[in-house]
Amino acid sequence: FFICFPNTWSPAHCPTRVQLSPSRSAMVRYSVGFLESLGIGPGDFTAGATLSMTAVADGDVASVPGSADELVGCSEKSVAAMDPTAATDTHRTFLELVKARPEDFVVNEIDWQGKEVTLSPEYSIPDPAEDCSSDAEARQEREGKRARLREDGLAAEEQMAIDGIDPLSVLPGEAREALRAFAAHGTLDGGGAAPEENAELDLGHFPDPTQRVPLLRACAATYRGLQTNSTGGRVSVRKCPRHAALTQLVGVAQADRIAALFHSVNDDSEMGPIELPPDPSREHRTQVHRAISQHYGKLLDTKTLERGGAQQICVRLKNIRRKKRKRARGGSSGAPSAQETETLYALFVLQKQNIDHLGALELLSSTLGCPAHSFGVCGLKDKVGITTQLVSVPSDREVTRALKEAQIGLKDPRVVVGPAVRSVTCPLRRGQHLGNLFSLRLGGIPEPVVEMTVAALQRIDRLGFVNYFGVQRFGAEEGLSLSSTIGRCLLKREWGGALLALLGPDPKETDVDVAAARACFVGRAVLTPSDVEAALDRMPPRRPREKALLRALRRHGVDDAGCEKAMMVISQPMRQFYVHAYASFLFNKMASARISANWAGPIAGDLVFCGEASEGVKVLGSEEAGSGAYSLADVVLPVPGYKSIFPPKGHCGGDVGRAQLIRDAVDKEDFRIPKLDVVAKGAYRKLLASPTSMSHRWTGPDRGGGTMDLHLKFELAKSSYATMLIHAMGGFPVPIP
């Protein structure tokens, strides 16, 4: 459709393509939202003015007149029309038709050998160790290169120690003095000014790993209060936030001892326990316990001891089991056998129906007796539909026996384990598969729209579609409990806000008892013990996650420390998913701004991959962007994390992403949450996605209904959403929650 605006308003980019829709009322409703998104309100039109809406499909033109009065009457629905999570006539056109039944949305994973994953006994499960794809080869090459560089650096460090050379001597005299002053004062000028919170000192460029690795290790060992960083051979240091927090409680000397104990694991020089000075204050000891648990809890453990009638804290390394190499029997070389040195994994096929991905893994976790985070998968799959994929889990006799019982049948019929199980030596990794095969059915499409739908499919097959993250990524089915909102709260360390989003009112809740329990938090900005107690009494046992969260809050309290402990009730993959959902939300914002600015081709400031292996990205200059060497299909945007690079300032997408982070008070370093065992490094994602092997057929029409069913089959690369392809079929609004 094209809208011809009145002559009193003439935007530079008019006419503007908008939505394909079988419903004139839906078209008008969408038009209002689209116009308001451009800053045009109903007041910009004269009452009774005529707007010409022209439908164009395969050269046929049909005019559909509309009036400004009709637009004014629909203006209050414009916000809903722009929100893909709202249930409007616009979205029922395609999206709600495709998931009317589970069998309407069938997804089969495509493994790294290009084969469709099925429950059929004829499907042969491949070995992940035999992944010979270009990505796998590039990853192995990068890992091998990093290992070789580190070995060279460690060898150089050992030689320096033998020769009595200080690794810090590679720094010029001025840089050594600046480093010493920065460690002492936390300022770049070394003066008596107040310490700068995010100050970072650049020590220089050291491309030679035999200099860089010893320098980094020497900085970390000499200045425990500093955090080292190396990017592209350039070395820099900044204040370590966990060391600074602990220094305020126990002083610099004791904080240095604790940091040295923590790092001794990586240095292969494990230290004995550390006993802090006697501390008569129970409240202060509690703060120290919590600080060490928060910042070093992954490797360190604390305990209060009584020495000579005084209470003091003992800090020690946790008893972490390590893989030990066993000598092979009867062999002169002493080389361990594969069975003795390698953990074995069971690789099997999982099919689920109308259950979310993490819920299916938690069901398997209780059945096999393994923690949910021990399962390896190539990617998350949709909740609504029938999905089939590969899953790996560390295997022993008990797991193998439980897996055989699961093949016979699980308690929940929504989850099925395939008949074949393969023992392998490495688990599945995220993104190891090539993509997904989709088989969709869109039912009840009016006959007048069939021709336009075919034209839309041809356009998508030729040009692709915007590679947005789908609405299911944000928990749209959970109403107000959007995953991106929870992720933002976690990044800001607002544990109470995250729990309120998880437990608070949900207008889409259909269970009366659960809705009554959630109603206890209506209008609440913070959690209170009385609300938690009331919600726990009303929450039915059929909601185990909510019950477990409420019990944890009752036990640990509703302050920050209590809410932090309650968040640990949620599985680690789910906590990680919430943070990734917020990063996906930022990507959608940036993609929307970028595609709105220029959809014809690359622009200055765009990011593209360096080489085929996606090892890194580079920024296009004006000449490269206009040279024709790159197309819009080559452009990528960051999925933010602590290591991802944004487009430069002045780039439409990069500016929108940075502005959103500032608005949400989130910093790139916040994507590390050690206390929740959550780390988001970041990644890069193509701006456009293109389906392959696309085919379609029509069935119908229904008797007297005048509608037809569209059967679609196509393949998408990993991490691309079929729901966004369906969005593109109808030209729906940008899917930003």
Side-chain angles (χ1 to χ4, degrees), residues 17-20 30 33-34 37 81-86 88 90-91 93-96 98-99 105 107 379-384 431 435-436 438 440 456-457 459-461 463-477 482-485 487-488 577 580-599 606-607 632-641 644 646-647 651-654 656-657 660 682-691 712 714-737:
R17 179 180 294 273
V18 293
Q19 177 192 12
L20 295 170
Y30 171 75
F34 186 80
S37 73
M82 292 299 292
D83 183 0
T85 65
T88 65
T90 303
H91 299 98
T93 304
F94 287 115
L95 277 186
E96 293 190 9
V98 74
K99 292 193 176 184
F105 197 89
V107 186
L380 302 180
K381 297 295 183 281
D382 294 77
K383 173 183 177 180
V384 180
N436 296 285
F438 295 89
L440 314 182
L457 289 174
R459 183 187 71 249
I460 292 171
D461 194 20
L463 302 176
F465 59 96
V466 183
N467 197 20
Y468 293 116
F469 286 95
V471 290
Q472 62 268 45
R473 180 79 167 186
F474 310 102
E477 297 170 347
L482 291 172
S483 301
S484 56
T485 302
R488 184 183 67 235
F577 171 77
H580 285 167
Y582 177 74
S584 305
F585 160 74
L586 290 176
F587 174 88
N588 278 10
K589 294 276 286 186
M590 290 187 283
S592 175
R594 171 60 186 87
I595 206 70
S596 299
N598 187 326
W599 50 265
D606 275 343
L607 302 179
L632 198 62
D634 298 314
V635 175
V636 299
L637 286 171
V639 181
S644 56
F646 276 59
H651 184 275
C652 47
V656 166
Q660 187 66 44
Y684 300 95
R685 180 180 175 89
K686 288 287 188 78
L687 178 62
L688 296 182
S690 299
L712 263 179
F714 54 89
E715 294 180 12
L716 285 178
K718 52 194 173 188
S719 190
S720 293
Y721 286 76
T723 49
M724 293 299 97
L725 182 147
I726 300 169
H727 247 4
M729 284 171 55
F732 288 122
V734 175
I736 298 176

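Any value given below was found using the heavy atoms of this structure, including those in side chains, with hydrogens, waters and symmetry copies removed.
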- Heavy-atom pair with the smallest gap, counting every atom of Gly657 and Leu586: O-CD2, 4.5 Å
- Task: Without swapping roles, check the side chain of Asn467 against the backbone of Lys686 for a donor-acceptor pair under 3.5 Å.
- Result: yes
- Message: Restricting to non-hydrogen atoms, name the atom on Ala722 and the atom on Leu440 that form the minimum distance, rounded to 0.1 Å.
- Response: CB-CD1, 4.4 Å
- Task: Tell me, please, which residues at least two apart from Ser690 pass side-chain contact (heavy atoms from CB on, under 4.5 Å).
- Result: none
- Query: Is the closest side-chain heavy-atom distance between Pro640 and Tyr582 below 4.5 Å?
  - Reply: no
- Would you say Met729 and Leu457 make side-chain contact, with heavy atoms under 4.5 Å? yes
- Message: With a 4.5 Å cut-off on side-chain heavy atoms, are Asn436 and Lys381 touching?
- Response: yes
- Query: Does the side-chain contact (heavy atoms from CB on, under 4.5 Å) test come out yes or no for Phe438 and Leu725, once each step is laid out?
  - Reply: CA-CA 11 Å; Phe438 295 89; Leu725 182 147; over 6 Å; no
- Pairing residues for Phe465 by the ring-ring contact (aromatic ring centres under 6.0 Å, His included) criterion, not counting sequence neighbours: none
- Task: Could you walk me through whether Leu687 and Asp606 pass the side-chain contact (heavy atoms from CB on, under 4.5 Å) test, one step at a time?
- Result: CA-CA 10 Å; Leu687 178 62; Asp606 275 343; over 6 Å; no
- Task: On the 0 to 90° scale, with breaks at 30° and 60°, tag the Phe469-Phe587 ring pair as parallel, tilted or perpendicular.
- Result: perpendicular
- Message: Could you tell me if the side chain of Ile460 sits less than 4.5 Å from the side chain of Phe714, heavy atoms only?
- Response: no
- Query: Is there side-chain contact between Phe105 and Val384, with at least one heavy-atom pair below 4.5 Å?
  - Reply: no
- Message: Is any side-chain heavy atom of Ser644 closer than 4.5 Å to one of Val639?
- Response: no
- Query: Taking atom CD of Gln660 and atom CZ of Phe585, what is their separation to the nearest 0.5 Å?
  - Reply: 4.0 Å
- In Å, rounded to the nearest 0.5 Å, how long is the span from OG of Ser720 to CD of Glu715? 12.5 Å
- Decide yes or no for Arg594 and Leu632: does some side-chain heavy atom of the first lie under 4.5 Å from some side-chain heavy atom of the second? yes
- Message: Treating Ser584 as the side-chain partner and His580 as the backbone partner, does any N or O pair qualify as donor plus acceptor under 3.5 Å?
- Response: yes
- So how far is it from Met590 CE to Arg685 CZ, rounded to the nearest 0.5 Å? 11.5 Å
- Message: Show the nearest heavy-atom pair for residues Pro647 and Leu637, with the distance to one decimal.
- Response: CG-CD2, 4.2 Å
- Message: Asp461: which residues meet the side-chain contact (heavy atoms from CB on, under 4.5 Å) condition with it, sequence neighbours left out?
- Response: Met694
- Task: Might you point out which heavy atoms bring Ala591 and Val466 nearest each other, and give the distance in Å?
- Result: CB-CG1, 4.5 Å
